[in-house]
Amino acid sequence: MARRPGYYALRIAAVTALYAVGWTAFLLIGDSWWTLAAAAFLALVFGQVALLAHDLAHRQVFRLRKASEVSGRVAGNLGIGMGYGWWQDKHTRHHANPNHEDLDPDLDPDIFVWTQDQARRARGLPRLLGRSQAYLFFPLLALEGFNLHVSGVRSLFDRSLKHRVWEASLLAAHLVGYLGALFLVLPPGKAVAFLLVHQCLFGVYLGSIFAPNHKGMPILRGAERPDFLRRQVLTSRDVRGGPFIDLVLGGLNYQIEHHLFPSMPSPHLRRAQAIVRGYCQELGVSHLETGLVDSYRQTLASLHAAGAPLRRPRTA
């Protein structure tokens with residue numbers, strides 16, 4: 001549980017340097033279709049910034065709340081245009097009740113349906129997409145980057161949001177700087193193409209990081225409230241893969257350990273995994289670990305099963 005100031009200093013410096021390299025390349029390439037390569041590179045960098053904002057929100061980096069919140073807003077709002085306050089509230093509620101149909105905001109049927117009960121009640125877009133949602137899942141992740149921006153702006157109209165002026169100022173600075181750079185350096189057609197490639201790949205990357213964590217795992221309903229250990233372990237999935245997967249997924253591949261110890265610095269999660277796995281074996285609690293590809297297979301299979309009621313012909 002000890003802080004890792006050296007690790008995070010190096011990680012923040014590396015991500016900041018990559019952020020600067022990406023935008024410098026964008027400026028140097030200028031009016032050329034090769035600028036789309038910079039867009040793809042920056043999509044990955046934005047994903048790494050989001051992972052840093054996640055660790056900051058969980059106070060893995062700094063012990064003090066103020067330092068965590070200031071850094072998180074700089075990384076989230078200013079760095080990638082994500083509403084930090086909105087996301088932190090949503091993510092906190094998710095951690096309290098992961099994969100609970102009624103209490104986890106990540107299971108809201110706004111686009112996808114996550115259970116067959118949701119499918120039977122679905123109206124509008126979820127009903128339209130639900131029957132084929134397993135096939136549409138990854139293509140629709142391309143919209144996740146845009147969704148983060150829109151949700152962050154919408155949250156500014158919620159008077160319960162803390163530090164609304166600060167959040168709005170940082171989001172506005174990001175928006176003006178981002179769009180200003182695109183349309184000052186590139187002609188309109190290339191600027192729009194850069195925006196679409198960058199934001200769509202960012203959305204796919206971000207969604208691919210979070211999808212393996214809980215999708216396809218048991219879903220709780222109603223009064224189902226297991227004890228803390230089972231609530232966190234049985235609804236989460238670890239993803240094996242070594243240092244490369246650790247880097248790409250930002251340590252969230254140890255999702256079980258992260259949910260049990262959300263303020264534990266991400267480089268310690270691998271060490272914690274062996275302890276948690278052994279303890280779960282003693283108690284007879286399932287500790288699921290799969291490969292990355294298999295985690296996506298399980299996710300898509302659960303989406304296909306959830307949409308089954310929408311594929312059945314209606315009876316007269």
Side-chain angles (χ1 to χ4, degrees), residues 1-2 4 51 54-55 57-60 90-109 112-119 134 137 208-246 248-308:
M1 297 300 294
R4 288 288 299 273
L51 289 169
H54 171 271
D55 287 10
H58 279 293
R59 299 177 67 180
Q60 296 177 15
K90 176 176 178 288
H91 195 62
T92 299
R93 288 185 284 125
H94 156 72
H95 263 265
N97 294 283
N99 258 28
H100 193 291
E101 186 176 10
D102 305 315
L103 302 174
D104 185 353
D106 288 352
L107 290 190
D108 288 345
F112 300 109
V113 292
W114 304 105
T115 67
Q116 292 194 3
D117 286 343
Q118 289 183 349
F137 180 69
S208 298
I209 291 172
F210 287 98
N213 299 341
H214 304 281
K215 306 312 180 192
M217 298 302 292
I219 292 178
L220 305 176
R221 297 173 177 83
E224 290 183 87
R225 293 279 294 175
D227 61 74
F228 177 79
L229 176 75
R230 288 168 176 79
R231 187 162 74 247
Q232 304 298 340
V233 174
L234 297 178
T235 60
S236 305
R237 175 196 293 112
D238 279 1
V239 177
R240 69 175 73 93
F244 177 73
I245 294 297
D246 291 0
V248 172
L249 300 187
L252 295 183
N253 43 312
Y254 304 105
Q255 189 66 196
I256 293 173
E257 290 68 36
H258 170 60
H259 263 257
L260 289 172
F261 309 102
S263 63
M264 178 180 289
S266 58
H268 288 169
L269 293 172
R270 173 185 285 272
R271 294 166 55 194
Q273 184 190 55
I275 300 171
V276 171
R277 185 194 295 121
Y279 185 62
C280 287
Q281 288 175 351
E282 289 181 18
L283 296 180
V285 176
S286 174
H287 181 288
L288 181 62
E289 183 181 7
T290 69
L292 182 62
V293 173
D294 194 45
S295 73
Y296 292 138
R297 182 193 62 77
Q298 293 176 23
T299 296
L300 297 179
S302 71
L303 282 168
H304 188 70

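Note that CZ of R230 and CG of L283 are 6.0 Å apart. Values are rounded to the nearest 0.5 Å. To the nearest 0.5 Å, the span separating NE2 on H304 from CG on L300 amounts to 10.5 Å. Atoms NE2 and OG1, from H58 and T92 in turn, are 7.0 Å apart once rounded to the nearest 0.5 Å.
Formation of a donor-acceptor pair under 3.5 Å by the N99 side chain with backbone atoms of M217 is found in this model. Checking side-chain atoms of D55 against main-chain N and O of Q60 turns up no donor-acceptor pair under 3.5 Å. Remark: the backbone N or O of M264 is not paired with any side-chain donor or acceptor of E257 at under 3.5 angstrom.
Relative orientation of the F137 and F112 rings is tilted, given thresholds of 30° and 60° on the angle between their planes. Using cut-offs of 30° and 60° for the angle between ring planes, the H54 and H95 rings count as tilted.
Here D106 does not pair with K215 in a salt bridge; the nearest charged N to carboxylate O distance is not below 4.0 Å.
Considering only residues two or more places apart in sequence or on other chains, R240 meets the side chain to side chain donor-acceptor pair (under 3.5 Å) condition with none of them.
For residues 260-301, the set of pairs meeting the ring-ring contact (aromatic ring centres under 6.0 Å, His included) definition, not counting sequence neighbours, comprises F138-Y296.
Other residues, nucleotides and ligands contribute at most 12 non-hydrogen atoms within 6.0 Å of the CZ atom of R271.
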